[in-house]
Amino acid sequence: MRAKNHLEQALVGIVGEMGLEWPTKATVEPPKDKKFGDLACNIAMMLAKDAGRKPRDLAEDIRQKLLKASPDIASVEVAGPGFLNVAYGPDFWRKSAALVLEQGENYGKSDAGQGRRVQVEYVSANPTGPLHIGHGRGAALGDCLARILARTGFEVQTEYYINDAGRQMKLLGASIWARLLEIAGKPSQFPEDGYKGNYIKDLAQDILDNEGPQTADLPSDQGLELCRVRGMNAILDGIKQDLKDFGVEHEIWFSEASLVETGKVQATLDSLKTRGMAYEKDGALWFKSTDLGDDKDRVLVKSSGDLTYLASDIAYHDNKYQRGFDLVVDIWGADHHGYVPRMKAAVEALGRSRDDLEVILVQLVNLLRGGEQIAMSTRAGKFETLADVVKEVGADAARFIFLSRKSDSHLDFDLELVKQKSMDNPVYYVQYAHARIRSVQRKAEEQGISLDEAKSADLSLLDTPEDMDLLKLMDQFPEVLASAAKSLSPHLVSYYLRELAQALHGYYTKHQVLGAGDDGLVRARLLLLEAVAQVLRNGLAALGVSAPDSM
RNA sequence: GCGCCCGUAGCUCAGCUGGAUAGAGCGCCGGACUACGAAUCCGUAGGCCGCAGGUUCGAAUCCUGCCGGGCGCACCA
């Protein structure tokens, strides 16, 4: 980050002096291959046409100016079609370690978001049953995204939307009521589309235990309502607990029913009508979403007078923006992708830019055990719950797997593989790097070398290629976070951590720290290791994964 | 039929706001503990980046058309 900023600034200055404009598409980034230096820039190729010169000639000019611009720049080479390959001197890189230690757990943070207010809404599963593994993926993603955004200068709030107003809730009540009557030995009819899981019977039993056997004699409308409310609350409590055990806590739990009851839905519908975005036809109220890129208009109020889910969802998003969010991020299961165009249309109809809503679609999780697929369906009551999976493999391992893939690719989650403490689950690889450093530090203290003492070490003793690799990687961390935030892609962070851990393990194998011989060198290396440990901690914290002192 | 996502090494996947010989882990094969934790490290082999066109000085990356897989196309949520 320091290096990139430094070079970019220098180049912008030089380009300006030459009377040329800095193109937004110009890039300054680490090249694929280390032999091309620390940073490569394509500016000469971008500007060649405007300047009326050959890319390589232009690059040569810039090269000369760049060398004069800063003593930190050790070398500049013109390569290939006109790349500028820039290398910084060791002293420049050594400052990375000092900076990390100085900033501690704040290292990596930036103000890239400039205080924009962002809401991340995720999981939001209907409270009709326990969370399954697919919800876990959304939970990990949303939670991690919120952590990353908070570290990069956004003001973030997390939220869970409870669909407590619709048909599914009635169905839940009916399912429980039927089971309750069954247990009480009364005639009952289980609803055709009802929820068949065993937890429904447990809920029925709980209600009977708490309310007494006479509950089964209630008139059915009262019984249904009791079961609906009790069932929903019990399931919500379970969901909250499961999320908590997974390291996920939403700040706001927002009720759909509250929107309906307070007349917010009606108000939003009225405002759509006022804007000419809604019209009546066939006894129903329609949203004119075709005006805004949807392929057909959508019903808001059914001819029966009932609200559709879309109506309350539009009102919900209206409410979000009224709460002052600049950007709303919704994390949905990929099976809802068809819903995106109408929601984007809705946001526009509400008078916002459609870019003020970002929908992240999370592909389904393919749950396996030893290569064999495990079937999942909430309705049929056959599934492996999130709680079961977390219990079996641990929250850290599960989270890391979820966060190691971009969200729009399918994910194979093999319980047996995830449990293995090998590179099949890189979480252990990264955590081990941290634990290893901790172990060295413990040994150092046993030998009477304190960490505080090491902080005054002479960093110029760090001069091997492996030292430089670690220093350079640490310098990249703030930018990794910023770019993960910008592209809403937490997996960038887990890939980065794997790379840093790899460099650390390599360093560890090649260079003795405590056995370095020279006292000064021992301290310098201890300091380097503490800086690496700090970055590992900061990165893992951004993922919501622990950084253990020993394993 | 229309729409969205995916198709990169034997397997699981990065890379996709175009850039220099396409990367990682696992697996295979071969090495490294009388040194701070071998949950580690080092090395070898392995690729018409689904196919065909197009744009460009330059395409895994952008555009078009096919092929294959997944998911959607309700006055359900």
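Per chain, numbering begins at 1; letters A, B, ... match sequence-line order. All values derive from a computational prediction rather than experimental measurement.
Counting any heavy atom pair closer than 4.0 Å across all strands shown, A/His505 reaches sugar-phosphate atoms only and no base atom. Within the nucleic acid shown, A/Asp33 comes within 4.0 Å of at least one base atom, counting heavy atoms only. If you check every strand for non-hydrogen atoms under 4.0 Å, A/Lys406 touches a base. Within 4.0 Å of A/His434, counting heavy atoms only, lies no atom of the nucleic acid at all. Residue-level contact check: A/Ala48 touches neither bases nor backbone, having no heavy atom under 4.0 Å from any strand. Nucleic acid contact class of A/Gln363 (heavy atoms, under 4.0 Å, all strands): sugar-phosphate only. Using a 4.0 Å heavy-atom criterion, one finds that A/Ala444 contacts no nucleic acid atom at all. Residue contacts for A/Ser409: at a heavy-atom cut-off of 4.0 Å it reaches the sugar-phosphate backbone alone, with no base atom in range. Residue contacts for A/Asn85: at a heavy-atom cut-off of 4.0 Å it reaches a base atom on one of the strands shown. A/Ser303 comes within 4.0 angstrom of a nucleotide base, judged by non-hydrogen atoms across all strands. Using a 4.0 Å heavy-atom distance criterion, A/Asp408 is classed as a sugar-phosphate-only contact. A/Phe83 comes within 4.0 angstrom of a nucleotide base, judged by non-hydrogen atoms across all strands. Looking at heavy-atom distances under 4.0 Å, A/Ser487 makes no contact with the nucleic acid at all. At the heavy-atom level, A/Glu499 lies nowhere under 4.0 Å from the strands shown.
Using modelled atom types and a 3.5 Å distance limit, the side chains of A/His511 and A/Asp467 yield no donor-acceptor pair. When only modelled atom types and interatomic distance are considered, A/His410 and A/Arg405 share no side-chain donor-acceptor pair under 3.5 Å. A/Asp297 and A/Tyr279 form a side-chain donor-acceptor contact under 3.5 Å, judged by distance and modelled atom types alone. No side-chain donor from either of A/Gln168 and A/Asn163 sits under 3.5 Å from a side-chain acceptor of the other. A/Glu159 and A/Tyr316 share a side-chain donor-acceptor pair at under 3.5 Å. Using modelled atom types and a 3.5 Å distance limit, the side chains of A/Glu256 and A/Ser312 yield a donor-acceptor pair.
Stacking is found between A/His336 and the pyrimidine-like six-membered ring of the B/rA77 base under the 5.5 Å centre-distance and 30° plane-angle cut-offs.
If you find the closest nucleotide of RNA chain B to A/Leu492 and to A/Ser550, the one lying nearer the 5' end belongs to A/Leu492.
Using a 4.0 Å cut-off, no side-chain N or O of A/Tyr508 falls inside it from OP1 or OP2 of B/rA39. Taking 4.0 angstrom as the limit, A/Tyr432 places a side-chain polar atom (N or O) nearer than this to OP1 or OP2 of B/rA39. When the side-chain nitrogen and oxygen atoms of A/Ser439 are compared with OP1 and OP2 of B/rG37, one or more of them lie within a distance under 4.0 Å. Phosphate contact (OP1/OP2 of B/rC76, side-chain N/O of A/Lys302, threshold under 4.0 Å): present.
Pairs of Watson-Crick or G-U wobble type, with distances under 3.5 Å, assemble into runs of 3 or more in RNA chain B at these ranges: B:1-7 with B:67-73, B:10-13 with B:23-26, B:29-32 with B:40-43, B:50-54 with B:62-66.
Because its NZ or CZ atom is both nearer than 6.0 Å to the ring centre of A/Tyr495 and within 45° of the ring axis, A/Arg498 counts as a cation-pi partner of that residue.
The gap from the C1' atom of B/rC2 to that of B/rA60 amounts to 28 Å, rounded to the nearest Å. Taking the C1' atom of each, B/rC29 and B/rG72 are spaced 46 Å apart, rounded to whole Å.
Each of B/rG3, B/rG19, B/rA77 was ranked by its minimum atom distance to the side chain of A/Tyr309; first place goes to B/rA77. Distances were taken from every side-chain heavy atom of A/Lys296 (C-beta onward) to each of B/rC13, B/rA74, B/rU40; the shortest belongs to B/rA74. The side chain of A/Asp282 has B/rC75 as its nearest neighbour among B/rA39, B/rA77, B/rC75.
Ring centroid separation for the pair A/Tyr160 and A/Tyr122 does not come in under the 6.0 Å cut-off.
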